[in-house]
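On a predicted model such as this, the values are computed, not experimentally measured, just so you know. Sequence lines set the chain letters: A, B, ... in the order given, protein chains first and strands last, and positions in each chain run from 1.
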Protein chains: 2
Amino acid sequence: MVAGDTIVSTLQRHGYRITAPRRGMARLIAERQGHFTAEDLLRASRRQRAGLGRATVFRSLELLASLDLVERVDLPSGEHAYVSCEPAHHHHLVCSGCGRAVGVEEGDLDAALREIGRRTGYQIDSHRLELFGLCATCQRADSKVN
Amino acid sequence: MVAGDTIVSTLQRHGYRITAPRRGMARLIAERQGHFTAEDLLRASRRQRAGLGRATVFRSLELLASLDLVERVDLPSGEHAYVSCEPAHHHHLVCSGCGRAVGVEEGDLDAALREIGRRTGYQIDSHRLELFGLCATCQRADSKVN
DNA sequence: GGCTTGTTGCGACTCAGTCTCGATAAATGG
DNA sequence: CCATTTATCGAGACTGAGTCGCAACAAGCC
């Protein structure tokens with residue numbers, strides 16, 4: 001998760017203009033829990049009469065992704081979604097119950113990847129790991145229901 | 001990689017009808033190296049006058065994926081592609097030079113995932129790992145060019 | 001051979017995402 | 001403050017992947 005202010009100031013620091021639509025995007029993203037699609041933002045902005053253009057939403061997401069303020073994840077369904085995140089860690093564990101995501105540090109994974117590279121002879125230069133499961137809260141909710 | 005015959009016999013074993021279009025798909029997939037998109041197959045089939053319908057190609061890929069004869073991967077570009085594979089191992093390391101893919105066994109990865117689950121409190125129930133890099137051959141080709 | 005029913009292909013359709021372009025408005029400097 | 005420059009925006013047309021409905025077809029089975 002990122003605060004809207006972080007988004008705005010990061011844009012500013014990189015020399016991008018701070019416009020009303022961009023403030024709007026920052027706010028919409030900040031108030032979101034878990035992952036969201038471009039369409040989600042579009043609908044939410046319409047609901048709030050903020051009325052962002054379709055192109056603007058896509059362009060902004062692309063921009064924010066390039067600044068690591070947001071990361072794109074491909075859900076198992078094939079849908080493209082985004083999660084907001086502090087610039088730094090690079091994988092997400094997404095809850096299939098509530099959609100909330102937490103960051104995962106490389107750590108252990110790194111060693112595993114190096115080993116795979118060694119065994120296959122490939123020079124691994126990029127990877128994407130997406131993890132899905134139930135967060136602690138949803139696990140509890142789930143066991144009550146059953 | 002799978003042989004076309006494996007595809008056909010697996011379909012048969014699961015009670016699906018062996019039709020000309022399905023034989024065609026099996027052949028097209030068998031002759032493919034590396035990852036391919038639905039569109040690739042479609043174009044190839046047209047080129048060979050096999051003329052599969054668009055819907056058929058999508059439907060067959062879905063079917064083959066459900067039998068683990070083929071697996072869907074999402075390329076970094078966001079494109080949806082498929083790689084053919086023996087039913088069993090579940091990750092692929094895709095060469096960004098030639099597109100050729102090799103399977104990766106879970107092994108080390110498993111331990112890393114368990115550790116992540118423990119730390120975050122999530123009950124991880126599915127994951128997708130996609131690895132991209134240069135295979136040994138492309139590394140050699142590459143170093144010659146530079 | 002005839003029947004049943006899974007499979008096919010066509011074409012119309014949907015929906016995400018892109019592109020173009022004229023209008024708008026941030027930032028900057030005087 | 002105002003003027004200038006130029007990044008950004010929005011509308012809407014467009015593209016291309018993937019889906020759907022349906023009538024025609026043909027595997028598999030007797």
Side-chain angles (χ1 to χ4, degrees), chain A residues 7-29 35-67 69-82, chain B residues 7-29 35-67 69-82:
Chain A
I7 296 181
V8 172
S9 63
T10 306
L11 284 172
Q12 201 156 38
R13 185 151 26 83
H14 284 80
Y16 293 103
R17 291 190 183 171
I18 305 308
T19 66
R22 282 181 180 163
R23 283 184 200 284
M25 286 284 295
R27 197 167 40 74
L28 286 173
I29 291 175
H35 54 83
F36 54 89
T37 65
E39 224 47 40
D40 288 338
L41 293 186
L42 212 38
R43 246 174 299 138
S45 86
R46 237 177 268 137
R47 214 177 309 124
Q48 305 183 5
R49 272 176 217 63
L52 298 175
R54 193 205 289 327
T56 304
V57 170
F58 282 100
R59 279 186 293 227
S60 301
L61 282 174
E62 193 185 338
L63 176 60
L64 297 183
S66 78
L67 297 174
L69 287 166
V70 119
E71 183 167 359
R72 188 166 153 177
V73 297
D74 297 308
L75 304 183
S77 67
E79 266 187 308
H80 295 153
Y82 292 84
Chain B
I7 296 181
V8 172
S9 62
T10 306
L11 283 173
Q12 201 154 40
R13 185 150 26 85
H14 284 80
Y16 293 102
R17 289 189 183 169
I18 306 307
T19 64
R22 284 181 179 164
R23 281 185 201 285
M25 285 284 296
R27 197 167 38 74
L28 286 174
I29 290 175
H35 55 81
F36 53 88
T37 64
E39 223 46 41
D40 289 338
L41 293 186
L42 213 38
R43 247 175 297 137
S45 87
R46 237 177 268 136
R47 214 177 309 125
Q48 302 183 9
R49 268 176 219 65
L52 299 175
R54 191 206 286 334
T56 304
V57 170
F58 283 99
R59 279 185 292 228
S60 302
L61 283 174
E62 194 184 336
L63 176 60
L64 297 184
S66 78
L67 297 174
L69 286 165
V70 118
E71 183 167 359
R72 190 165 151 176
V73 296
D74 296 308
L75 304 183
S77 66
E79 266 187 309
H80 296 155
Y82 292 84

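Distances from the side chain of Ala55(A) to the nucleotides dG11(C), dG12(D), dA16(C) place dG12(D) closest. In this structure, the nucleotide among dA11(D), dG17(C), dG9(C) sitting nearest to the side chain of Leu52(B) is dG9(C). Closest to the Pro21(B) side chain, of the nucleotides dT8(D), dT8(C), dG17(C), is dT8(C).
Side-chain nitrogen and oxygen atoms of Thr56(B) include at least one within less than 4.0 Å of the OP1 or OP2 phosphate oxygen of dG9(C). The shortest distance between the side-chain N/O atoms of Thr19(B) and the OP1/OP2 oxygens of dT8(C) is below 4.0 Å. Look at His80(A) and you'll find a side-chain N or O under 4.0 angstrom from OP1 or OP2 of dG17(C).
Rounded to an integer number of Å, the gap from CD of Glu79(A) to C1' of dT14(C) is 15 Å. The distance from atom CG of Leu42(A) to atom P of dA16(C) is 9 Å, rounded to the nearest whole Å. Put simply, CZ on Arg46(A) is 13 Å from C1' on dA11(D), counting in whole angstrom units. For the pair Arg22(A) CZ and dT8(D) P, the computed distance is 4 Å after rounding to whole Å. Atom CZ of Arg54(B) and atom P of dA17(D) are 7 Å apart (whole Å). As a whole-Å value, the separation of Leu61(A) CG from dT18(C) C1' is 14 Å. Look at CD on Gln12(B): it is 16 Å from C1' on dT7(C), rounded to the nearest Å. In this structure, Arg72(B) places its CZ atom 11 Å from C1' of dA17(D), rounding to the nearest Å.
The base of dA27(C) is not paired with the side chain of Arg17(A) by any donor and acceptor separated by under 3.5 Å. Between the side chain of Arg59(A) and the base of dT8(D), no donor-acceptor pair of N or O atoms lies under 3.5 Å.
Between Asp74(B) atom CG and Asp74(A) atom CG the span is 4.5 Å, to the nearest 0.5 Å.
Toward the 5′ end of DNA chain D lies the nearest nucleotide of Glu62(B), the other residue of the pair Glu62(B) and Ile18(B) mapping further downstream.
Of all heavy-atom pairs between Gly78(A) and Arg72(B), the closest is CA-NH2, 3.6 Å.
Thr56(B) places no side-chain N or O within donor-acceptor distance of the main-chain N or O of Leu52(B), the cut-off being under 3.5 Å.
No donor-acceptor contact under 3.5 angstrom links the side chains of Gln12(A) and Arg17(A), judged on distance only.
Open room surrounds CD on Glu62(A); 12 or fewer heavy atoms of other groups in view lie less than 6.0 Å from it.
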